[in-house]
Amino acid sequence: MMADYLSLWWIWICIALGLGVVELLAPGFIFLGFAIGAVIMAGIVAIMSRTDSAVISFNEVAILDVTNVAALLAVFAILSLGAWIVLKAAFRKQSSGARIVTHDINDN
């Protein structure tokens, strides 16, 4: 039943939009990585649904099957982790703390 839903590309887009809304409510680039992972999964599932077989294989070994929920969620987790690491590196220099005042303008 769940494999039927996760094999649809628009379900992954809905998941990405939901995670994007959660990111707006709780900012910190935590859920944004998951949302990016879901968008990439939507692309992967859309490409796989356009091909004749719903299986990506390498040397006759199935790597990703659209009907395998565990494989889909594992790829989603790996993509989300990669997106989170890229976001963390991109926004590392951004200050999230309060400004520390070392000199008061009233001191002469």
Could you check whether any side-chain heavy atom of Leu72 comes within less than 4.5 Å of a side-chain heavy atom of Ile44, counting everything from C-beta outward? no

Rounded at 0.5 Å granularity, tell me how far [atom1] in [X] sits from [atom2] in [Y].
X	Y	atom1	atom2	value
Leu8	Ile13	CG	CD1	12.0 Å
Trp84	Ile30	CH2	CD1	8.0 Å
Leu6	Phe76	CG	CZ	10.0 Å
Met41	Leu73	CE	CG	7.5 Å
Trp12	Leu17	CH2	CG	13.5 Å

Would you kindly confirm whether [X] and [Y] end up in one hydrophobic cluster when ILVMFWY residues are joined by side chain heavy atoms under 4.5 Å apart?
X	Y	result
Ile36	Val21	no
Leu87	Leu81	no
Val39	Val45	no
Leu79	Ile47	no
Leu19	Leu24	no

Closest approach of Ala46 and Trp9, non-hydrogen atoms and distance? CB-CB, 3.8 Å

Minimum heavy-atom separation for Gly33 and Ala83, please, with both atom names. O-CB, 3.7 Å

